[in-house]
Amino acid sequence: MPSAESTPASVDESDLVPPTRNDEVARSGSELIGGPLGRRALLGTSWWNPVRVIALVAIGVFALGLVQKAPCYDGAWFFGASSQYTHACYSDIPHLYQGRGFADGLVPYFDKLPGDMQYLEYPVLTGVFMEVAAWLTPGSGSIQDQEQWYWMVNAGMLMACAAVIVVCVSRTHARRPWDGLLVALAPAFALTATINWDLLAVALTASAMLMWARGRSLAFGVLLGLATAAKLYPVFLLGPLFVLCWRAGKWRDFGKALGGAVVSWLVVNLPVMFFAFDGWSKFYTFSQERGVDFGSFWLIMAQNSSDPLSTETVNTFATLLMLLACAGIAALTLTAPRRPRFAQLAFLIVAAFILTNKVYSPQYVLWLVPLAVLARPKWRDFLIWQACEVAYFLGIWMYLAYTTSGNAHKGLPTDGYHWAIGLHLMGTAYLCAMVLRDTLMPERDVVRLAGDDDPSGGVLDRAEDVFVLGAAAHRPRHAAQFDGPQVEWGSEPGTTDRSL
């Protein structure tokens with residue numbers, strides 16, 4: 001995995017894009033630490049380069065997220081059904097230590113579990129992560145002591161994943177390392193980081209994005225395959241990448257990426273699939289059989305209907321909606337006036353899955369945070385979206401507090417929870433709209449305003465188009481004129497064009 005080194009040698013410190021120079025919110029926020037970077041600031045003279053600073057900030061904010069879980073660590077996970085919700089500090093990790101057989105030494109996927117869930121319902125690489133944490137957990141003391149240790153061990157491993165994420169995001173856009181600060185300071189990131197094990201897949205996906213940005217197609221595929229072995233959503237990135245490579249004619253690179261992803265996924269999954277198929281397949285069957293659940297618009301429909309849709313019908317409609325979104329993104333890619341950036345489409349495809357899925361657990365926001373920063377590194381829009389996600393984070397726990405407090409009714413009733421879901425949906429849709437606008441009006445894209453083309457695009461960066469549809473086949477004529485640096489397809493790195 002990448003280390004917290006300086007930006008690539010080909011990027012001079014003076015060529016970096018500080019957000020305080022072109023982002024009003026970042027400029028205002030910088031007053032807390034002395035104001036915007038001056039024109040005569042000495043750059044490259046200290047060990048504290050942007051990537052190292054951001055990594056340190058991320059670890060500090062992550063630690064604050066651990067402190068937020070203190071009421072649960074001290075007892076709310078173990079005493080009282082609703083106190084872990086009223087304190088908004090719930091985590092799956094301590095509960096599943098015993099609930100999924102780790103406390104009893106059961107082997108995931110191979111050994112059956114007591115109760116309704118016969119096997120571990122997580123993808124294989126996440127199961128390996130959980131098992132390694134169980135090996136590192138002391139087996140002495142009460143079950144409460146062991147569950148506390150298990151959470152702490154997992155928290156340490158997940159903190160390492162968080163550091164990898166911010167380093168990769170900071171280095172993916174070589175001229176914009178400070179954008180990684182958005183990930184490090186994201187409140188929803190800190191609040192949800194230790195609810196579940198999603199950060200493993202997010203770290204592998206962020207590493208894959210960095211490899212693609214560096215032109216290492218095979219390494220990208222290997223890491224993306226591993227990410228998919230930890231969580232399903234990373235596989236969706238292959239869809240927009242396919243269409244982008246189609247438009248640019250980069251079939252060889254896409255083939256290497258696809259081959260690496262398939263092989264690495266098979267290396268992780270085949271042994272378990274062959275020797276413990278029932279346990280391996282539990283994740284997939286559980287995902288299909290799971291009913292409408294928290295956080296989705298499907299839940300709002302079900303709770304306001306006297307005859308809610310069956311799980312099979314919801315699965316069908318959700319799949320159709322996702323396919324329509326994929327078709328729309330493909331059409332956008334082939335018809336946009338300029339080829340969209342890879343990070344933009346990666347964000348849109350994962351956001352489409354989240355918006356159409358039948359469940360939205362609060363930690364799913366972690367999937368989007370790095371992609372959102374790479375797609376739309378605009379502080380105002382990012383913070384608006386984060387505010388909506390924090391509201392949902394509080395809403396779901398207050399709703400669960402309400403449903404578990406009996407006649408006391410402490411918390412948020414159903415109607416209030418529906419408003420929290422609506423805020424989450426509107427916030428995500430708003431950020432999607434901003435990214436979509438940037439693809440249709442590239443002169444509004446804050447990354448391209450600085451003269452870059454597709455810094456996360458790897459071989460796609462400044463590549464010529466070979467297959468386009470509609471008006472994209474001709475030189476774009478934008479209604480809005482922008483007097484700033486722009487790049488032409490196929491121009492040499494470092495050159496700009498002002499005619500767009």
Side-chain angles (χ1 to χ4, degrees), residues 6-27 36-41 43-44 49-51 169-182 209-210 212-215 244 247-248 250 333 336-347 372-382 434-465 472 475-500:
S6 59
T7 52
S10 58
V11 178
D12 188 83
E13 289 277 358
S14 61
D15 198 36
L16 300 183
V17 182
T20 55
R21 290 184 183 172
N22 54 23
D23 192 300
E24 294 180 359
V25 175
R27 186 183 304 114
L37 187 69
R39 292 184 178 180
R40 298 186 180 183
L43 301 174
N49 62 43
V51 178
V169 172
S170 298
R171 300 182 69 192
T172 297
H173 290 176
R175 296 181 60 225
R176 305 182 61 92
W178 287 109
D179 289 344
L181 200 59
L182 283 165
M209 293 289 291
L210 176 59
W212 183 263
R214 297 292 177 83
L244 285 169
R247 178 163 173 167
K250 300 295 183 180
T333 306
R338 296 176 66 185
R339 189 170 58 246
R341 293 188 288 109
F342 179 35
Q344 292 175 320
L345 299 186
F347 171 79
V373 171
L374 295 174
R376 174 78 177 166
K378 190 75 173 176
W379 283 75
R380 180 201 63 185
D381 297 332
F382 186 83
M434 293 297 100
V435 174
L436 182 62
R437 185 190 67 173
D438 288 346
T439 62
L440 296 174
M441 303 177 64
E443 68 273 11
R444 305 292 294 271
D445 184 355
V446 295
V447 173
R448 284 174 164 162
L449 289 180
D452 289 316
D453 172 26
D454 187 2
S456 62
V459 296
L460 301 170
D461 189 27
R462 298 183 174 87
E464 294 280 358
D465 283 337
R475 184 177 179 83
R477 297 180 179 275
H478 300 301
Q481 297 297 319
F482 171 70
D483 187 19
Q486 290 287 337
V487 294
E488 288 277 15
W489 298 135
S491 62
E492 293 298 323
T495 62
T496 59
D497 182 86
R498 291 175 175 266
S499 61
L500 291 181

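Any value given below was found using the heavy atoms of this structure, including those in side chains, with hydrogens, waters and symmetry copies removed. In this chain, residues are counted from 1 in sequence order.
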### Task
Check step by step if side chain to side chain contact (heavy atoms under 4.5 Å, CB included) holds for Phe347 and Leu374.
CA-CA 8 Å; Phe347 171 79; Leu374 295 174; over 6 Å; no
### Query
For Met434 and Lys378, what are the C-alpha separation, side-chain angles and deciding distance, and is it a side chain to side chain contact (heavy atoms under 4.5 Å, CB included)?
CA-CA 10 Å; Met434 293 297 100; Lys378 190 75 173 176; over 6 Å; no
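Applying the salt bridge (charged side-chain N to carboxylate O under 4.0 Å, His left out) rule to Asp381 yields the partners Arg376; only residues at least two apart in sequence or on another chain are considered. Applying the salt bridge (charged side-chain N to carboxylate O under 4.0 Å, His left out) criterion to Arg341, with sequence neighbours excluded, gives Asp445.
For Asp453 (side chain) and Arg462 (main-chain N/O), a donor-acceptor pair under 3.5 Å exists by modelled atom type. Side chain of Asp454 to main chain of Phe342: a donor-acceptor pair is present (N/O by atom type, distance under 3.5 Å, no hydrogens or angles).
Between Pro377 and Arg176 the shortest side-chain heavy-atom distance falls below 4.5 Å. Side-chain contact between Ser170 and Pro50 is absent, with no heavy atoms from C-beta onward closer than 4.5 Å. A 4.5 Å side-chain heavy-atom check between His173 and Asp452 finds every atom pair outside the cut-off.
Residues Trp212 and Gly457 approach most closely at NE1-O, 2.8 Å, considering heavy atoms. Taking all atoms of both residues into account, the shortest heavy-atom contact from Asp461 to Pro455 is OD1-N, 4.2 Å. Counting all heavy atoms, side chain and backbone alike, Pro340 lies closest to Thr439 at CB-CG2, 4.0 Å.
Screening Arg339, Arg338, Lys250 for a salt bridge (charged side-chain N to carboxylate O under 4.0 Å, His left out) with Asp465, the sole residue that qualifies is Arg339.
Going from atom CD of Gln344 over to atom OG1 of Thr333 covers 10.0 Å, rounded to the nearest 0.5 Å. The CG atom of Asp179 lies 10.5 Å from the OG1 atom of Thr172; values are rounded to the nearest 0.5 Å.
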